[in-house]
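The next block holds one structure in the form of structure tokens; read it before the comments.
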Amino acid sequence: MQPAAHITTSELKGRPVVAHDWPHDAPSCRRIQQALAERVDTQDDLPPVQTIGGIDIGFEDGGRTTRAAAVVLDAETLEVREKALARVPTRMPYIPGLLSFREIPGALAALEQLSALPDLALVDGHGIAHPRRLGVATHLGLVTGLPTIGVAKKRLTGQHDDVPNERGAWVPLLDKDETIGAVLRSRVSVKPIFISAGHRVSLESALAWTLKALTRYRLPETTRVADRLASNR
DNA sequence: GCGACAG
DNA sequence: ATCTTGTCGC
């Protein structure tokens, strides 16, 4: 009999959050994911959104050091309000399906450096478009209480039809008969991106906010600014 | 057993 | 993710 995943509920700045032991082995990670998945909220439960955040992680020293970037943009003008970069020792290798356990420690360190958290955060990687519905965007939302959206450049799981070659066109990402996300053509003639609900945000709102953060590039501005910082460009 | 596999 | 320069296509 496996020991139960130790999960507790708490509160952060008035918001319900979840805390849990930080595992180091894959089987423990998967057990925690299964337990956490029950607490995910894919209904809209967000404050008036005045700022949107971007979270992205990069690495240095051949992966030994994690560089985590958290940026805050004005939701209306997309003007950059604040940037934070944290460098922490990397604790886990990359294992498909367990990305959040590798990236969240750094993300939390970067968020802590911000003078004010964003009202909503777009996270690099998937939200519920994950084998156990607990991608990095969803996991980070649960742990911080922040409304989150998953914005990924590649598919992890699920099937989808071709996306029409028109800016803003999208098709559902399906797992069996369940819609777990959307495959979005963010601009003409580029590979589509994968949008999914993270936590406290519906897929419809996730798409709407992603479109609001898009300008002339494939990725939303939040992701671009955070990526530039995390990868030292 | 074989192929797929976010960052 | 990261290692890396020029180059093909819209």
Side-chain angles (χ1 to χ4, degrees), chain A residues 26-27 29-30 32-33 36-37 40 53-71 85-111 121-143 148-160 163-167 173-176 180-199 203 206 210 216-220 222-233:
Chain A
C29 288
R30 298 193 182 91
I32 287 175
Q33 289 181 326
L36 289 182
V40 178
I55 308 284
D56 191 33
I57 275 71
F59 299 89
E60 3 177 285
D61 294 317
R64 287 186 295 280
T65 300
T66 296
R67 293 172 57 100
V71 301
L85 176 65
R87 302 171 78 243
V88 303
T90 303
R91 306 191 204 175
M92 296 226 350
Y94 167 67
I95 300 171
L98 302 183
L99 177 68
S100 63
F101 294 94
R102 175 171 166 87
E103 298 198 338
I104 283 180
L108 293 177
L111 286 169
L122 276 60
V123 181
D124 72 293
H126 294 284
I128 63 166
H130 177 280
R132 289 168 293 282
R133 306 294 179 264
L134 209 87
V136 59
T138 301
H139 194 165
L140 185 63
L142 279 166
V143 167
T148 56
I149 293 170
V151 179
K153 296 181 288 297
K154 296 192 294 195
R155 184 195 72 94
L156 172 61
T157 193
Q159 296 74 43
H160 66 86
V163 187
N165 191 18
E166 302 161 24
R167 178 189 156 95
L173 178 62
L174 305 168
D175 186 352
K176 304 287 178 55
I180 57 177
V183 190
L184 172 69
R185 187 80 67 178
S186 51
R187 59 159 296 177
V188 175
S189 300
V190 296
K191 290 174 53 179
I193 57 178
F194 299 78
I195 309 302
S196 56
H199 183 49
L203 175 58
T210 298
R216 61 184 307 206
Y217 303 98
R218 179 163 88 118
L219 298 170
T222 41
T223 305
R224 298 185 69 244
V225 176
D227 181 61
R228 189 181 318 161
L229 188 58
S231 58
N232 199 20
R233 273 178 293 180

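Quick note on labels: first sequence line is chain A, next is B, and so on, each numbered from 1.
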Taking any heavy-atom pair under 4.0 Å as a contact, classify A:G150: base, sugar-phosphate, or nothing. nothing
Which part of the nucleic acid does A:G58 contact within heavy-atom distance under 4.0 Å: base, sugar-phosphate only, or nothing? sugar-phosphate
Starting from P on C:dC10, measure out to CZ on A:R218 and report it in whole angstrom. 18 Å
Whole-Å distance, A:R187 CZ to C:dC10 C1', equals 9 Å
Taking for each residue the nucleotide of DNA chain C bearing the nearest heavy atom, is the 5' side occupied by A:S189 or by A:A230? A:A230
Across the strands shown, which category fits A:F59 at heavy-atom distances under 4.0 angstrom: base, sugar-phosphate, nothing? sugar-phosphate
When you list every nucleotide of DNA chain B with an atom under 4.0 Å from a heavy atom of chain A, which one comes first 5' to 3', and which comes last? B:dA4 to B:dG7
How close do A:L203 and A:S196 get, heavy atom to heavy atom, and via which atoms? CD1-CA, 4.2 Å
How long is the gap from CZ on A:R30 to CD1 on A:I95, to the nearest 0.5 Å? 7.0 Å
Between A:P105 and A:R91 the two heavy atoms that sit nearest each other are CB-NH2, 3.9 Å
Using whole Å, report how far CG of A:N232 lies from P of C:dC3. 11 Å
Report yes if the side chains of A:L219 and A:D124 come closer than 4.5 Å at any heavy-atom pair, otherwise no. no
Would you indicate what A:I193 reaches in the nucleic acid, counting non-hydrogen atoms under 4.0 angstrom: base, sugar-phosphate, or nothing? nothing
What closest approach, in Å, do A:A206 and A:I149 show between heavy atoms, and which atom pair accounts for it? CA-CD1, 3.6 Å
For A:V188, report the nucleic acid contact type (base, sugar-phosphate, nothing); a contact means any heavy atom under 4.0 Å. nothing
A:S186 versus A:I193, closest heavy-atom pair with distance: CB-CD1, 4.0 Å
